[in-house]
2 protein chains.
Amino acid sequence: MRRAATMGDVASLAGVSHQTVSRVLNDSPAVRPETRERVLAAIEQLGYRRNIAARALVTRRSQTLGVVSFGTRLYGPTTAVHAIEQAARQAGYYVSIASEEFLDATTLRAALERLAEQAVEGIVVIAPQKQAQSALAELPDGVPAVVIDGHPDCGAPRVYVDQVHGAADATRHLLDQGVTTVHHVAGPLDWLEADARVEGWRQVLQDAGRPVPELRHRGDWSAGSGYAAGLALAEDPTVEAVFVANDPMALGVLRALSERGRRCPEDILVVGFDDVPESAFYLPPLTTVRQDFPALGRKSIDLLLAQIQGSRVERSEVVPAQLVVRTSSRRPEPTTRRTR
Amino acid sequence: MRRAATMGDVASLAGVSHQTVSRVLNDSPAVRPETRERVLAAIEQLGYRRNIAARALVTRRSQTLGVVSFGTRLYGPTTAVHAIEQAARQAGYYVSIASEEFLDATTLRAALERLAEQAVEGIVVIAPQKQAQSALAELPDGVPAVVIDGHPDCGAPRVYVDQVHGAADATRHLLDQGVTTVHHVAGPLDWLEADARVEGWRQVLQDAGRPVPELRHRGDWSAGSGYAAGLALAEDPTVEAVFVANDPMALGVLRALSERGRRCPEDILVVGFDDVPESAFYLPPLTTVRQDFPALGRKSIDLLLAQIQGSRVERSEVVPAQLVVRTSSRRPEPTTRRTR
DNA sequence: AAATTATGACCGGTACTAGGA
DNA sequence: TTCCTAGTACCGGTCATAATT
C-alpha cells in the first residue's frame with residue numbers, strides 16, 4: 001500500500017505552496033479562483049484526503065461529540081440518539097458512541113473516560129436512571145456537557161420532557177371519562193421518569209379529591225412486566241382505569257385484560273406513555289402520551305453547541321408531552337355499552 | 001483553561017525521559033517496576049491523558065471503526081448496531097456512527113466519505129436495500145469492510161441471516177396446520193430481505209404443490225402498512241393463513257382482522273418475522289421467526305477484525321433464523337373450534 | 001553484556017513571518 | 001494593495017538509535 005498523498009504532494013502537483021493548499025481546504029478568501037481550481041484538481045487527481053489526526057493535533061479540536069446512552073433497546077433513547085447524530089453532523093461534528101446495555105456508576109464512568117480519551121469537544125448523556133446522577137458529577141473538567149432527562153441538580157444543562165404534565169394530562173383525561181379513580185403501573189424504581197409519571201398521576205388524583213390507589217405495580221418497561229401487572233389488575237373488580245408508564249407495558253396490560261375477559265375500553269380504560277409507532281395498532285388502539293424524542297436530541301445538540309461556542313447557556317430546556325387520545329381510553333356511551 | 005499535561009510534563013515530574021513514560025503507557029517490559037510506579041504516580045497526579053491525535057498521527061492508526069446504518073428506527077438495525085458497539089469496544093476500538101434515515105446512493109456515499117475522513121480502520125455497513133449495493137462497490141480502497149445483510153456479490157465479506165430458510169420454515173409451519181395455502185404480506189420492494197422472504201415462502205408452496213397466491217400486498221415494514229394489507233385480506237373469505245414479512249406489519253394485520261371480525265387463529269393464521277420483544281404480547285401472541293441481531297453484530301466485528309489483522313477471511317457467514325411458535329398460528333382443534 | 005534510559009528525527013497538518021510579483 | 005511563495009516553529013506522541021548504568 002502506497003503512502004497516502006500529503007499536502008506537499010498536492011502542492012507540488014498544483015505548482016503552489018502547501019500553505020495555499022491549506023488555504024483552499026479551509027476556504028480562505030485569499031486564494032484566486034483560478035488557483036483554487038488548480039489545487040482542487042490536484043486534490044482530485046491524487047485522491048488526497050486531509051489527515052484529521054494531524055489537524056486535530058495542531059488545532060486541539062477533535063471535531064467529535066460524544067454520546068453516552070443506556071438501555072439502547074428502548075424506543076426513547078434510540079430515537080434520541082439518532083436525532084443527536086443527525087444534528088451533530090449537520091453542525092460539522094463527528095459522533096462517537098459510548099453506550100452500555102445497563103447502567104451503573106462504574107460503566108458510566110468508564111463510558112465518560114472513553115470519550116475523554118477521544119478528546120471529544122462535548123458530551124450528551126442520556127441517563128435517566130437515578131444512580132447515574134452521582135456519576136454525572138464527575139463529568140470531565142472543562143468538557144461541555146448536556147444531560148437528557150437528568151436530575152435538576154445534575155450539574156449540567158438539561159433537556160427533558162415534561163413527564164409530570166404528561167402524566168397529569170393522561171390521568172385527568174381518564175377521570176374525565178367518568179371513572180372514580182385511576183390505577184397506575186409504574187416504571188422501574190431507579191428511573192427518574194418513572195417517578196415523574198407517578199407524581200403527575202398522584203397530583204391529579206389528590207387535586208380532584210379522588211382516592212389514590214396504593215402503588216402496587218412496578219414494571220421494568222417491558223411488555224412482560226406489564227402483563228404481570230395486568231393479570232393482578234384484572235383480578236380486582238374495582239379497577240376502572242389504568243395509567244401505564246409506557247406503551248410496551250400497556251401492551252402487556254391489554255393482553256392480560258383480554259385473557260381474563262375484561263374488555264378495554266368497555267370494562268377498563270387504559271392509557272400508555274411514549275407513543276411508540278405501533279401503539280396506534282394495539283388492540284384496542286392505545287391512548288398514550290407522545291414524547292418528542294427527536295426534539296430532545298436536536299435541542300441537546302443546540303445547547304451543547306452553544307456551550308462549545310462559549311455562550312451563556314440556559315440551565316435547561318423543556319420539551320412538552322402531548323396526550324394522544326385513541327380508543328383504549330374512551331368510555332363508550334352507557335347506552336351503546338352492550339349493544340355490540 | 002490551562003494547557004493539558006503532556007508526556008514531557010509527566011516525565012520531568014517523575015524524573016525520567018518522555019520515552020520511558022511512553023514505554024509505561026504501552027506496557028513495555030523494559031521498565032523497572034519501581035520506575036513504572038513513579039511514572040504512574042506522576043500521571044495520576046497531573047491527571048495526564050494521552051493525546052490520541054498525536055498517537056494516531058505517528059502510528060497511522062485511528063483505533064476507530066465506522067458503522068453505516070439506515071432506517072435506524074427499525075428494531076433489527078438498531079439492535080445490530082448496539083452489538084457492534086459492544087464488540088468493537090471490547091476489541092479496543094472506538095466506534096463512529098454515520099447513519100441516515102433513508103438510503104440512496106448519494107447518502108451512502110456521503111456516509112462512507114465521512115468515515116474515510118476519519119481514517120477509520122474498518123467499516124461495517126448495514127444496508128439491506130438493493131440500491132445500496134451499487135454504492136457499496138465504491139467502498140474506500142484499502143479499508144476493510146463487512147456488509148450486513150448485503151447482496152452476495154457486493155464485493156465485501158457478508159454476514160447475514162438466513163432469510164430464505166426462515167421464511168420457508170414459517171410457511172411450512174402454516175401448511176402443517178392444515179391450510180390449503182398461505183398468503184404473504186411482503187416488505188418494501190427495495191429491500192433484499194423482503195425478496196428473500198418472498199422466495200422462501202414461494203418455494204415451499206411450489207414444492208408442496210400448493211397454489212401460490214398472487215403477491216398483492218407490499219408494506220413498508222410499518223404497522224400501518226400491515227393494517228392496510230390486513231383490511232384487504234380480511235375481505236377475502238378464502239384466506240386461511242398469512243405470512244407477514246415482519247412483526248409490526250403483522251400487528252397491523254392482526255388489528256385489521258380483529259376489526260373485521262375475523263378471528264386469529266380460529267379463522268385465519270398469522271406468522272410474523274423478527275421476533276421483536278413485544279410480539280409475545282400481541283393479541284394473540286404472535287408466531288414469528290427470530291433473527292439473532294446481536295449475533296449479526298458480533299460476527300460482523302469478528303470478520304472485520306480478522307481482515308484488519310490481515311487474515312484471509314471467509315466470504316460470508318450465516319446466522320440461522322429460528323421459528324418461534326406462539327398462538328397466532330396454531331389452528332385450534334376443530335372440535336373445540338366453536339366451544340368458547 | 002544486558003538492562004534501562006536518554007536523545008532526536010518524524011508523522012502531516014496549521015500558523016506565523018518575511019518577502020516577491 | 002492583493003495574492004501568493006518560502007521557510008520554519010510548533011502540536012504530542014512513537015520509533016530507532018545512542019548512551020548510560
Side-chain angles (χ1 to χ4, degrees), chain A residues 1-43 46-64 92 94 116-121, chain B residues 1-43 46-64 92 94 116-121:
Chain A
M1 191 159 80
R2 260 181 48 255
R3 122 182 183 293
T6 160
M7 219 169 221
D9 301 338
V10 175
S12 40
L13 179 59
V16 299
S17 72
H18 67 141
Q19 177 61 278
T20 303
V21 176
S22 179
R23 285 213 190 85
V24 169
L25 287 173
N26 293 320
D27 288 320
S28 155
V31 178
R32 208 185 305 147
E34 168 202 321
T35 312
R36 167 184 309 269
E37 282 312 313
R38 269 217 319 284
V39 171
L40 290 176
I43 287 176
L46 292 174
Y48 169 76
R49 190 168 277 144
R50 177 159 53 184
N51 181 324
I52 62 159
R55 178 184 164 88
L57 179 58
V58 59
T59 59
R60 298 157 182 283
R61 298 195 48 206
S62 62
Q63 299 201 84
T64 302
Y94 302 116
E117 281 173 8
Q118 294 174 77
V120 295
E121 294 181 42
Chain B
M1 189 160 82
R2 260 185 43 260
R3 122 182 185 293
T6 159
M7 221 169 219
D9 301 338
V10 174
S12 40
L13 180 60
V16 299
S17 74
H18 67 133
Q19 174 63 287
T20 304
V21 177
S22 176
R23 286 218 187 80
V24 169
L25 287 173
N26 293 321
D27 290 319
S28 155
V31 178
R32 211 183 303 148
E34 168 202 322
T35 311
R36 166 184 309 268
E37 282 312 313
R38 271 216 319 287
V39 171
L40 289 177
I43 287 176
L46 293 175
Y48 169 75
R49 190 168 278 142
R50 176 159 51 183
N51 180 322
I52 62 159
R55 179 184 164 89
L57 179 57
V58 59
T59 60
R60 295 156 185 284
R61 298 196 48 208
S62 63
Q63 299 200 85
T64 301
Y94 302 114
E117 280 172 9
Q118 294 174 78
V120 295
E121 294 181 41

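The figures that follow rest on heavy atoms only: side chains count, while hydrogens, waters and symmetry mates do not. Protein chains get the first letters and strands the later ones, always in sequence-line order, with residue 1 at the start of each. Here the structure is a predicted model, which is why all the values come from computation and not from measurement.
Recorded end-axis angle for the helix from C:dA2-D:dT21 to C:dA21-D:dT2 stands at 30°, based on five pairs per end and rounded to 10 degrees.
Rounded to a whole Å, the CZ atom of B:Arg49 is 12 Å from the P atom of D:dG13. In this entry the distance linking NE2 of A:His18 with P of D:dC10 reads 15 Å, nearest Å. One can place CG of A:Asp9 at 14 Å from C1' of C:dC11, the figure rounded to the nearest angstrom. Per the geometry, CD1 belonging to A:Ile43 stands 13 Å off C1' belonging to C:dG13, to the nearest Å. For B:Glu117 and C:dG13, the CD to C1' distance is 15 Å, given to the nearest whole Å. What separates CD of B:Glu37 from P of C:dT4 is a distance of 15 Å, to the nearest Å. Between A:Met7 atom CE and C:dC11 atom C1' there is a gap of 14 Å when expressed in whole angstrom units.
A:Ala5 and A:Leu46 get closest at one heavy-atom pair: CB-CB, 4.1 Å. Heavy-atom minimum distance, A:Leu57 versus B:Ala54: CD1-CB, 3.6 Å. When all heavy atoms are compared, the tightest approach of A:Tyr48 to A:Thr6 is CE1-C, 3.6 Å.
Remark: A:Glu117 CD to B:Gln63 CD distance equals 8.5 Å, nearest 0.5 Å. Distance CD1/B:Ile52 to OG/B:Ser62: 8.5 Å, rounded to 0.5 Å. A:Asn51 contributes atom CG, which lies 8.0 Å from atom CZ of B:Arg60 (distance to the nearest 0.5 angstrom).
One finds no side-chain N or O of B:Ser17 lying less than 4.0 angstrom from the OP1 or OP2 phosphate oxygen of C:dT7. Between D:dT14 and B:Ser22, a contact under 4.0 Å exists linking OP1 or OP2 to a side-chain N or O. A sub-4.0 Å separation between OP1 or OP2 of C:dG12 and a side-chain N or O of A:Thr6 is absent. OP1 and OP2 of C:dT4 both lie 4.0 Å or more from every side-chain N or O belonging to B:Thr35.
Contact check for B:Ile43 versus B:Val39: side-chain heavy atoms found under the 4.5 Å cut-off.
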For residues 21-31 of chain A, which side-chain N or O atoms pair as donor and acceptor with protein atoms under 3.5 Å away, sequence neighbours left out?
| unit_1 | atom_1 | unit_2 | atom_2 | d |
| --- | --- | --- | --- | --- |
| A:Ser22 | OG | A:Asn26 | ND2 | 3.4 |
| A:Asn26 | OD1 | A:Arg50 | NH1 | 2.9 |
| A:Asn26 | OD1 | A:Arg55 | NH1 | 3.2 |
| A:Asn26 | ND2 | A:Ser22 | O | 3.2 |
| A:Ser28 | OG | A:Ala30 | N | 3.2 |

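Heavy atoms of B:Arg50 sit under 4.0 angstrom from primed sugar atoms or phosphate atoms, though from no base atom.
Between the side chain of A:Gln19 and the base of C:dT14, no donor-acceptor pair of N or O atoms lies under 3.5 Å.
Near-neighbour residues of DNA chain D inside residues 51-58 of chain A, defined by a heavy atom below 4.0 Å, number-ordered: A:Leu57, A:Val58. Taking a 4.0 Å limit (strictly below) on heavy-atom distances, residues 24-33 of chain A reaches DNA chain D at A:Ala30, A:Val31, A:Arg32.
With respect to A:Glu121 and A:Arg61, a salt bridge is recorded, a charged nitrogen being found less than 4.0 Å from a carboxylate O.
The side chain to side chain contact (heavy atoms under 4.5 Å, CB included) check on A:Ala56 picks up B:Ala53, with sequence neighbours excluded. Listed by chain and number, the residues in a side chain to side chain donor-acceptor pair (under 3.5 Å) with A:Ser17 are A:Thr20 (sequence neighbours excluded).
Side chain of B:Thr64 to main chain of B:Tyr94: no donor-acceptor pair is present (N/O by atom type, distance under 3.5 Å, no hydrogens or angles).
Closest to the side chain of A:Arg23, out of D:dT5, D:dT14, C:dT14, is D:dT5.
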